[in-house]
Amino acid sequence: MTKMVKTRFAPSPTGMLHIGGARTALFNYLFAKANGGEYLIRIEDTDQERSTEENKEIIKQGLDWLGLGPTDGQWVLQTDSLERHKQAVEKLIQEGKAYECYTSKEELEEMREAQKAKGETIRYDGRHRNLSDAEKQAFKAEGRTAVIRLKVAEEGTTKWDDAVQGTIEVPNYTLDDFVIMRADGYPTYNFVVALDDHDMGITHVIRGDDHINNTPKQMFVYQAMGYDLPTFAHVPMIHGKNGKMSKRDGATNVLEYKEAGYLSEALNNYLMRLGWSLGDEEVIDMARAIEHFDIHNVNKSASVFDQVKLDWFNAQYIRKLSATELLPQLKPFYEKAGLTLNSTIEGYLLNGGIEAVKNKAKRLGDIVTATAFFFENAPFNFGEKETSILETEGYKNNLALFANALKDVEGPVTHDTVSDIVGKLCADTGLKFKDFGMPLRVALTGTTQAPGVGDIVEIFGKEECLKRLNSIT
Ligand code: GLU
């Protein structure tokens, strides 16, 4: 029986969840889901000094927002397994696979200098591999404390078939007996990551290619513990336009994208396209990605973060949503803009207001700006541009003609009502559509930055339109 696919995302709360981390999480999620498996989270909080509760919370909120929380609902903390990690160290010492090393900082420094001078690979030279009990006692008597090192093969190579990078082979002489437990009794990253991945039943380790150098070390841990190896997949980095990711390129908290008015669906779509493609499709929702995603098809070369492309995706997803779906997401943005919703305004927004502007929006805030006029009531405080339009020769009279015609309309007023009335007025007066449309838009909304008058009249309805027009004419 083949094992159920299990992936994991293992963020360190020494920082926030940035764009690169979010994409790693996404690929882990998609691969697990595509294979009917589980996607787990392990918060790697073993660096006690640099991990913070705040970062844990920010990472969790970021993943939740993206819909990338663990499929089993468990937010596992690595430090919860500390006892298990220490026991594993003990076991390896007893089996002669790991050993106490008392080499001091100064001695290590000297050793490295000597290697450098001879042009050799800088590595721990294994000098305490076979200390006798008496030698250990003597070091202890000097007041030295030991770190624990894992015995690593010196001959041969370590090799794995990376699901993204292809075969990677590393000569073992470039590795050394690395530290698996520090002098303070805390096991190290390369040791615990292998133990935890095994304990959690992880079948595919998908992570950034900055971890490639750690993989051979972790493979030695698997081997020493007698565990089966998972498949490794090292995903290339995301770069900024000028090389390194800067804050502007998303090297920041993903929640800032939420605050800036991006939809999580759009960010996910954008992120999956950084390194993975499905023919020439651009807009690929999560369901479709789950159907087709394969980590083996992820590109080997680095991708470049492109804000303009992200905005394009966001615009596509905004237009896919209905007003009813958009309104709850818009509420915090209205609030931030100091615009207070009430049932009348909600009615305008849901009955055409959002629909009339959403296709031009790149971010949620664009809808807020474009619909802000619904929150204003006549009489308006007109700006310079608006005042000059209303004072154009004859425009007030045109508004009165329109108001008169509107008054006589029976039943609901629609787009068509407006074109019928204006069409007739144009024919009667010899004027152009704009001679009615421009002042109407200003009179009804207080601004020139509003959707077409047909939409506006239909949304406000006859009574409200007449009220607004009467305040001018
Ligand atoms: N905690 C590591 C990091 O945040 C990831 C470890 C891994 O994925 O193996 O870089």
Side-chain angles (χ1 to χ4, degrees), residues 5-32 37-60 62-63 66 68 70 74-82 85 88 158 160 162-165 168 170 178 180 182 186-222 225 227 229-238 244-245 250-254 271 275 295 298 302:
V5 165
K6 276 194 187 173
T7 63
R8 82 331 186 243
F9 177 54
S12 301
T14 49
M16 302 186 200
L17 179 67
H18 52 76
I19 283 291
R23 191 196 50 173
T24 301
L26 176 66
F27 282 179
N28 274 288
Y29 175 86
L30 289 176
F31 185 70
E38 294 260 30
Y39 152 82
L40 311 179
I41 301 268
R42 182 175 68 239
I43 308 272
E44 303 209 313
D45 57 345
T46 41
D47 184 342
Q48 300 274 339
E49 270 167 35
R50 289 168 55 235
S51 298
T52 67
E53 282 305 315
E54 194 192 352
N55 283 339
K56 273 185 214 167
E57 194 45 40
I58 289 174
I59 291 170
K60 186 170 181 297
L63 289 171
L66 290 168
L68 300 175
Q74 305 289 315
W75 297 82
V76 175
L77 291 179
Q78 189 158 49
T79 44
D80 286 348
S81 308
L82 187 60
H85 298 149
T158 296
W160 76 95
D162 196 279
V164 174
Q165 309 282 341
I168 299 182
V170 184
F178 64 94
I180 59 171
R182 290 189 290 260
Y186 278 95
T188 58
Y189 161 71
N190 276 315
F191 184 59
V192 294
V193 79
L195 295 181
D196 290 348
D197 284 340
H198 167 267
D199 291 355
M200 291 166 85
I202 301 304
T203 57
H204 294 75
V205 171
I206 302 171
R207 59 186 171 197
D209 66 5
D210 50 336
H211 284 287
I212 286 181
N213 289 339
N214 291 323
T215 304
K217 293 182 183 175
Q218 293 167 19
M219 288 170 71
F220 275 108
V221 177
Y222 278 90
M225 295 297 295
Y227 299 154
L229 285 171
T231 298
F232 292 101
H234 289 94
V235 177
M237 296 283 104
I238 302 173
K244 220 177 125 43
M245 282 282 268
T252 173
N253 178 3
V254 291
L271 290 177
I295 193 69
V298 167

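Every number for a ligand or one of its atoms is a count from 1 in the order of the listing. For the numbers below, each heavy atom of this structure counts, side chains included, while hydrogens, waters and symmetry mates do not.
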Sub-3.5 Å pairs, protein N or O with ligand 1 N or O:
residue	atom	partner	partner atom	Å
ligand 1	1 (N)	Ala10	O	2.8
ligand 1	1 (N)	Ser12	OG	2.9
ligand 1	1 (N)	Glu44	OE1	2.6
ligand 1	4 (O)	Ser12	N	3.4
ligand 1	4 (O)	Ser12	OG	3.2
ligand 1	8 (O)	Arg8	NH1	2.8
ligand 1	8 (O)	Arg8	NH2	3.4
ligand 1	9 (O)	Arg8	NH2	2.7
ligand 1	9 (O)	Tyr189	OH	3.0
ligand 1	9 (O)	Arg207	NH1	2.7
ligand 1	10 (O)	His211	NE2	2.9

Residues forming a side chain to side chain contact (heavy atoms under 4.5 Å, CB included) with Asn213, sequence neighbours excluded:
none
Glu54 atom CD: more than 12 heavy-atom contacts under 6.0 Å:
no
Not counting sequence neighbours, which residues clear ring pair (Phe, Tyr, Trp, His ring centres under 6.0 Å) with Tyr29? List them please.
Tyr39
Applying salt bridge (Lys or Arg N to Asp or Glu O under 4.0 Å) as the test, list every pair that has at least one member in residues 5-21; sequence neighbours left out.
Arg8-Asp197
If you measure only the distance, is there a donor-acceptor pair under 3.5 Å linking the side chains of Thr79 and Asp45?
yes
Please check if the distance between the ring centroids of His204 and Phe31 is under 6.0 Å.
yes
